[in-house]
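First the proteins, then the strands, lettered A, B, ... as listed; each starts at 1.
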Number of protein chains: 2
Amino acid sequence: MITISKEDYLKEIYNLSCESRAKVSTSTLAEKLSVSNAAISEMAKKLHNSGLVTYEKYKGVKLTGKGKRQALKIIRRHRLWESFLMDALGLSWSEVHAEAEKLEHQTSDFLIDRIDEYLNHPKCDPHGHPIPQRDGKIPAVPQSLNLTAAEKGNCYTIVKVVDENKELMDYLTSISIGLNTEIKLIERLSFDNSILVVIGNSNYRLSEQVASKVFVTLNRNSNE
Amino acid sequence: MITISKEDYLKEIYNLSCESRAKVSTSTLAEKLSVSNAAISEMAKKLHNSGLVTYEKYKGVKLTGKGKRQALKIIRRHRLWESFLMDALGLSWSEVHAEAEKLEHQTSDFLIDRIDEYLNHPKCDPHGHPIPQRDGKIPAVPQSLNLTAAEKGNCYTIVKVVDENKELMDYLTSISIGLNTEIKLIERLSFDNSILVVIGNSNYRLSEQVASKVFVTLNRNSNE
DNA sequence: ATACAAAGTTAAGTATACTTAAATATTTTG
DNA sequence: CAAAATATTTAAGTATACTTAACTTTGTAT
Ligand SMILES: [Mn+2]
Ligand SMILES: [Mn+2]
Ligand SMILES: [Mn+2]
Ligand SMILES: [Mn+2]
């Protein structure tokens, strides 16, 4: 049987291997999951024995096909719950992650399909992450650009935020940043890489750390 | 911290003490929770030490005020989830229990209040059970009568089903029995206590076992 | 190449929630 | 009221998922 812990490990291995592409080191995993290295070594053996990851001592772990499919299922549940809580119950994009983090482990295939239908098979969750489909395929999302790489004078549309920290989300909301918000880059300060942007009728200065979490697409009709 | 297991124990102790009023024996609990007597003895000590039940060796357990409040909270979550899954996602009354059984343990106070608001503070769940309120109070429900005690010639309205077995619920649905369905008693066979009833335009024979799970209220204008 | 620091694993121990089997209360009954 | 039957607890052991501390491997730096 796959436990809540194992689901969380698989999900994290998946997320880390998306970033780095290769095998995931046990200490990176330990860091992300807030457990000791020892706990990871132990679990790595178990997951290996269940055929969910490949694991060689001192060489890190990597999802197998089976493990990847399982991870995508959990991520699908997570993102569908987030979308559903926003849509059906009106939670905000800063509130849904914490709830989904728990509900994702207690959701039958039957229920998640009902939620998917209710939402009409959405492609993205409230933070702009693609929702894996029933068959494990990930919907194509438009190529996006990190805000730190945006250019002075251009207008962009916000399409993704890659950190679901509640404080960050609430801060973004407080300066009118949401999914699909239009944003124009006024200037970049090379001293700290902070940027000055226009959102609606107001100017805001965003730190490099904040900008690095936000992804955008360039608007065609970019010069006024 | 209160674990999923502990929540299930408290819920079951509450349900059993509603039936029997007094202390709950460890073996009855073991039976209901499908664990060994030994597991119950152990858990009884732990719950006693956390002040959730009183427990004396060989004398069974009883919820304290704190334990009862906790139990009602879990039951509230369960019944609100059942109602919500039916209302928002269109699950049937035979499907909601199994899902709620899992979700009830992973639901924040914040989320359950949102669900309660969405449903407009319902008094009863899809099986006719009262939903404990935020403050722990249980809404008054009309006095009801077991179908086994119904009298020949009378018309009744179904207000509660006290077993959430999926097969039973699906069977009831198949003979058009739902909450608020009107039903008329034609005759009772004293041989097996089975009853013949009219529902809509059809006659059905219900076994004593089935009737014993169904509760009704007498309709005022009962004779045609 | 060696030596050392960092990364990772193993060992030993803890807590939770179970099990079966043995021991001990309690209750029933002749 | 004592013996037998039944109910319940304790003892010992298992699995999961953690911990810290000791040990081993790996990679790097001179
Ligand atoms: Mn999330
Ligand atoms: Mn999780
Ligand atoms: Mn139920
Ligand atoms: Mn439960």
Side-chain angles (χ1 to χ4, degrees), chain A residues 1-14 16-17 19-63 67 70-71 74 101-102 104-106, chain B residues 1-14 16-17 19-63 67 70-71 74 101-102 104-106:
Chain A
M1 229 279 293
I2 187 144
T3 61
I4 294 179
S5 266
K6 291 201 174 97
E7 289 195 341
D8 281 332
Y9 278 73
L10 291 177
K11 200 170 61 143
E12 204 55 58
I13 295 168
Y14 179 86
L16 289 170
S17 65
E19 283 163 29
S20 70
R21 230 73 205 84
K23 286 180 233 169
V24 176
S25 81
T26 49
S27 54
T28 313
L29 248 183
E31 171 77 43
K32 285 280 184 174
L33 290 168
S34 306
V35 297
S36 66
N37 285 336
I40 303 289
S41 292
E42 224 177 47
M43 186 63 98
K45 283 183 217 156
K46 288 189 206 157
L47 293 175
H48 179 78
N49 290 335
S50 332
L52 293 160
V53 305
T54 54
Y55 169 57
E56 256 187 295
K57 281 206 282 188
Y58 301 100
K59 300 291 165 65
V61 296
K62 186 164 177 282
L63 291 176
Q70 187 60 51
I74 302 152
E101 201 61 31
K102 293 180 286 175
E104 69 187 9
H105 303 295
Q106 307 292 344
Chain B
M1 229 280 293
I2 186 143
T3 61
I4 294 180
S5 265
K6 290 200 174 98
E7 290 196 340
D8 281 332
Y9 279 74
L10 291 177
K11 200 170 60 143
E12 203 54 57
I13 295 168
Y14 179 87
L16 289 170
S17 66
E19 284 162 28
S20 70
R21 231 74 204 84
K23 287 180 233 168
V24 176
S25 81
T26 48
S27 53
T28 312
L29 248 184
E31 171 77 43
K32 284 277 184 176
L33 290 168
S34 307
V35 297
S36 65
N37 284 334
I40 302 289
S41 293
E42 223 177 47
M43 186 64 97
K45 281 185 218 155
K46 287 190 207 159
L47 294 174
H48 180 78
N49 290 334
S50 332
L52 293 161
V53 306
T54 56
Y55 169 58
E56 257 186 294
K57 281 206 283 188
Y58 300 100
K59 300 290 166 65
V61 296
K62 185 163 177 283
L63 291 177
Q70 187 61 52
I74 301 151
E101 201 61 29
K102 293 179 287 174
E104 68 188 10
H105 304 294
Q106 306 294 344

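Residues B/Leu47 and B/Val61 have side chains not in contact (no heavy-atom distance under 4.5 Å, counting atoms from C-beta outward). Side-chain atoms of A/Gln70 and A/Lys6, non-hydrogen and from C-beta on, never get closer than 4.5 Å to each other. Looking at heavy atoms from C-beta onward, A/Leu10 lies in side-chain contact with A/Val53 at the 4.5 angstrom threshold.
The line from CD1 of B/Ile40 to NZ of B/Lys32 is 12.5 Å long, rounded to the nearest 0.5 Å. Between A/Asp8 atom CG and A/Glu101 atom CD the span is 6.0 Å, to the nearest 0.5 Å.
Within the 4.0 angstrom heavy-atom criterion, base atoms lie near B/Ser36.
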| task | Going 5' to 3' through nucleotides 4-10 of chain C, assign each nucleotide B (protein heavy atom under 4.0 Å from a base atom), S (under 4.0 Å only from sugar-phosphate atoms) or - (no protein heavy atom that close). | result | ----SBB

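Taking a heavy-atom distance under 4.0 Å as the criterion, the stretch of DNA chain D touched by chain B extends 5' to 3' from D/dT8 to D/dA11.
Nearest heavy atoms, B/Tyr9 versus B/Leu29: O-CD2, 4.4 Å.
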| query | Can B/Gln106 and B/Ile4 be said to form a side-chain contact (heavy atoms from CB on, under 4.5 Å), step by step? | reply | CA-CA 9 Å; B/Gln106 306 294 344; B/Ile4 294 180; 3.4 Å; yes

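Few gaps surround NZ on A/Lys102; more than 12 heavy atoms of other groups in view lie less than 6.0 Å from it.
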